[in-house]
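See below for the structure under consideration.
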Amino acid sequence: MTKYSLLIGGTRVDTSAYADVRNPSTGEVVGQMPLAIQGDLDRAVAAAKTAFREWSRTSEEERKAACLAIAERIAANDEELARLLTLEQGKPMGGLGSRFEIGGAIAWTQHTAELSLPVEILQDNGDGRVELHRKPIGVVGSITPWNWPVMIACWHIIPAIRTGNTVVIKPSPLTPLSTIRLVEIINEVLPAGVVNVVTGDDSIGAALSAHPGVAKMTFTGSTETGKKVMASAVATLKRLTLELGGNDAGIVLPDADPARIAEGLFWGAFINNGQTCAALKRLYVHDSIYEAVCQALSDYAAKIPVGDGLDETSVLGPVQNEIQFNKVRELVDDARARGGRILTGGAPMDRPGYFYPVTLVADVADGVRLVDDEQFGPALPIIRYTDIDEVIARANANPAGLGGSVWSADPQRARHYALQLECGSVWINKHGAIQPNAPFGGVKQSGIGVEFGAEGLKEFTTIQTVLI
Ligand code: NAD
């Protein structure tokens, strides 16, 4: 059984204790995760701090070249990374699964490498000259979730190092191995200590977010944990980027064509088995086409094979872990008990592993937990509405504000309503289609700050104005 190591200051570090990481399709052990203790974390932060002295002084060109070289190294190891990701996360190799995720990690790394934040001249006249410089912050602590671990690790690490910071990353204990391997690959390119990885249970995440040597935290995970990270930041006034939970609404206007939008709705909701921050989690459909949309979605769902991620015919895999599996089961059972009509799925699959089928639940309304809570799994509530202004208000009543979508034959009409949604990203006739040049982040309780593009890069800098 492969025992993985921490990577601190460019050196593999063993720990005194390890934990098994299991494949959610089979329950088999994939590898062993090192359990870091406070001393390991202190050494990782110290290594990142030492590396910061040199790395923060490297030129834009050097850092761009390093990021492009990292993209090349990831690409050279793509199949190995994809397989490890499937083994620990569960997602299929093909489709919108592991190869897609590694491809995304490469694409984001390349795009971010090419970005830059040149000095801005705010004033240059007889009264003087004012320059705005963007400087790296210091050691960045990164904490990632288990749903898209490799891609999200790149969303944290690459903009941080591109702007001259150094990093200590702590992946989810449920999917740590692909991140360890990613950091090993990144260390083939970078000087020792620029990117370090520590793994362990949630307490090591809490220790990282409270660490006095960390100048900024970038966190992706649940809103509940994000609030704890924010509280930990107080003592040293750490800078924060928080990408938190969502409960994205999709609103189908009466002029939409159910057959044409079914595929987009399906993948908006069920990408990665619904375990995606900006997945469509509440679908509001106008009464006049409600049954037609339910039918079109059910027809599409019937064509999707669910199975072990290593089986190349699988299009969706298992739910990643037991807690999430039980949550989906409970929310669907509750919705059924409260009058929900199960169109497809509705009970765990009869096989080992955390397999729950694609589940569509009609005739539910706001106030039912499956609608109000973030299900983060393969179960979509479909809610009927008649009045568009009222449904916008219902969509906005949720404390989350990550993404949203409007579906219509008339994109301008859709845009009119899209602008009324309280969320960081809104899509028209698609959902969750993030791209590296479009800043992405949540409003309300879905987070603070954005990732991607120049706006995302700025989050890893502090401003220094020079007044001459
Ligand atoms: P989680 O909050 O349980 O865990 C996220 C990470 O935080 C893990 O690495 C965990 O070990 C760590 N952690 C746990 N307790 C901690 C503490 N007290 N202090 C510091 N770190 C701690 O989230 P999850 O279940 O891994 O991920 C699912 C959630 O992430 C969903 O809510 C989803 O919407 C959200 N998410 C958001 C985005 C986004 O970009 N907005 C992207 C992906 C996932």
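Residues take their numbers from the sequence shown, with the count starting at 1. In each ligand, atom 1 is the first atom listed, and ligand 1 is the first ligand listed.
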Query raised in the report: What atoms in ligand 1 come closer than 4.0 Å to a heavy atom of P171?
Result: 9 (O)

Query raised in the report: Mind checking whether K170 has an N or O less than 3.5 Å away from an N or O of ligand 1?
Result: yes

Report summary line: If you scan protein heavy atoms around atom 11 (O) of ligand 1, the nearest is D202 OD1, 2.7 Å

Report summary line: Nearest non-hydrogen protein atom to atom 40 (O) of ligand 1, with distance, is E243 CB, 3.2 Å

Report task. Indicate yes or no: does an N/O atom of W146 lie under 3.5 Å from an N/O atom of ligand 1? Result -> yes

Query raised in the report: Just heavy atoms, cut-off under 4.0 Å: does F376 contact ligand 1 by side chain, backbone, both, or neither?
Result: side chain

Query raised in the report: Looking only at heavy atoms of F219, does any of them come nearer than 4.0 Å to an atom of ligand 1?
Result: yes

Requested in this report: State whether a side-chain donor-acceptor pair under 3.5 Å links T86 with S98.
Outcome: yes

Query raised in the report: In terms of side-chain geometry, is the basic nitrogen of D334 or R369 positioned less than 4.0 Å from the acidic oxygen of its partner?
Result: no

Query raised in the report: N/O to N/O below 3.5 Å, does that happen between W155 and ligand 1?
Result: no

Query raised in the report: Can you list the ligand 1 atoms lying under 4.0 Å from a non-hydrogen atom of L402?
Result: 41 (N)

Query raised in the report: Would you say the side chain of S446 lies within less than 4.5 Å of the side chain of T223, judging by non-hydrogen atoms?
Result: no

Report summary line: ligand 1 atoms nearer than 4.0 angstrom to some heavy atom of P173 are 11 (O)

Query raised in the report: Mind checking whether F460 and P136 have side chains closer than 4.5 Å, heavy atoms only?
Result: no

Query raised in the report: Does any non-hydrogen side-chain atom of R134 lie less than 4.5 Å from one of T163?
Result: no

Query raised in the report: Quick one: does ligand 1 sit under 4.0 Å from the side chain of I152, the backbone, both or neither, non-hydrogen atoms only?
Result: side chain

Query raised in the report: Going by the order shown, which atoms of ligand 1 are within less than 4.0 Å of some heavy atom of T144?
Result: 6 (C), 8 (C), 9 (O)

Query raised in the report: Side-chain donor-acceptor pair under 3.5 Å between N326 and E330, yes or no?
Result: no

Query - Test applied, side chain to side chain contact (heavy atoms under 4.5 Å, CB included); reference residue, H156; option that passes from T144, I143, V167 - result: T144

Query raised in the report: Which atoms of ligand 1 sit under 4.0 Å from any heavy atom of K228?
Result: 18 (N)

Query raised in the report: Are F440 and ligand 1 in contact, using a heavy-atom cut-off of under 4.0 Å?
Result: yes

Query raised in the report: Should the pair K327 and F376 be classed as cation-pi, given the thresholds of under 6.0 Å to the six-membered ring centre and 45° from the axis?
Result: no

Query raised in the report: So, E459 and T241: side-chain donor and acceptor under 3.5 Å apart, yes or no?
Result: yes

Report task. State whether any protein heavy atom lies less than 4.0 Å from atom 4 (O) of ligand 1. Result -> no

Report task. Using a 4.5 Å cut-off on heavy atoms from C-beta on, say whether the side chain of W108 contacts that of I158. Result -> no

Query raised in the report: Does the distance from a Lys or Arg side-chain N to an Asp or Glu carboxylate O, for R99 and E79, drop under 4.0 Å?
Result: yes

Query raised in the report: Applying a 4.0 Å heavy-atom criterion (strictly less than), which segment of E374 is in contact with ligand 1: side chain, backbone, both, or neither?
Result: side chain

Requested in this report: Pull out every atom of ligand 1 sitting under 4.0 Å from any heavy atom of G246, numbered as shown with elements.
Outcome: 34 (O)

Query raised in the report: How far is atom 23 (O) of ligand 1 from its nearest protein heavy atom, and which residue and atom is that?
Result: S222 N, 3.3 Å

**Report entry** Sub-4.5 Å side-chain heavy-atom contact between L7 and V13
**Finding:** no

Query - Any K444 side-chain heavy atom under 4.5 Å of P399 side chain - result: no

**Report entry** Proximal atoms of ligand 1 relative to I143 (non-hydrogen, under 4.0 Å)
**Finding:** 6 (C), 7 (O), 9 (O), 12 (C), 20 (C), 21 (N)

Query raised in the report: Does ligand 1 have any atom that is closer than 4.0 Å to a heavy atom of A278?
Result: no

Report task. Measure the distance from atom 27 (O) of ligand 1 to every protein heavy atom, then report the residue, atom name and distance (to 0.1 Å) of the closest one. Result -> P145 CB, 3.3 Å

Requested in this report: Check the side chains of D366 and Y385 for a donor-acceptor pair under 3.5 angstrom, ignoring hydrogens and angles.
Outcome: no

Query - Heavy atom of the protein closest to atom 41 (N) of ligand 1 (residue, atom name, distance) - result: L244 O, 2.8 Å

Query raised in the report: Taking both backbone and side-chain atoms of N147, is any N or O found less than 3.5 Å from an N or O belonging to ligand 1?
Result: no

Report task. Please write down residue, atom name and distance for the protein heavy atom closest to atom 38 (C) of ligand 1. Result -> C277 CB, 2.9 Å

Report summary line: Residue set satisfying side chain to side chain donor-acceptor pair (under 3.5 Å) with S178, at least two apart, ordered chain then number -> E88

Query raised in the report: When you measure from atom 17 (C) of ligand 1 to every protein heavy atom, which one gives the shortest distance, and what is it?
Result: T225 CG2, 3.7 Å

Requested in this report: Nearest heavy atom to atom 30 (O) of ligand 1 wins, so pick from P176, G141, G221.
Outcome: G221

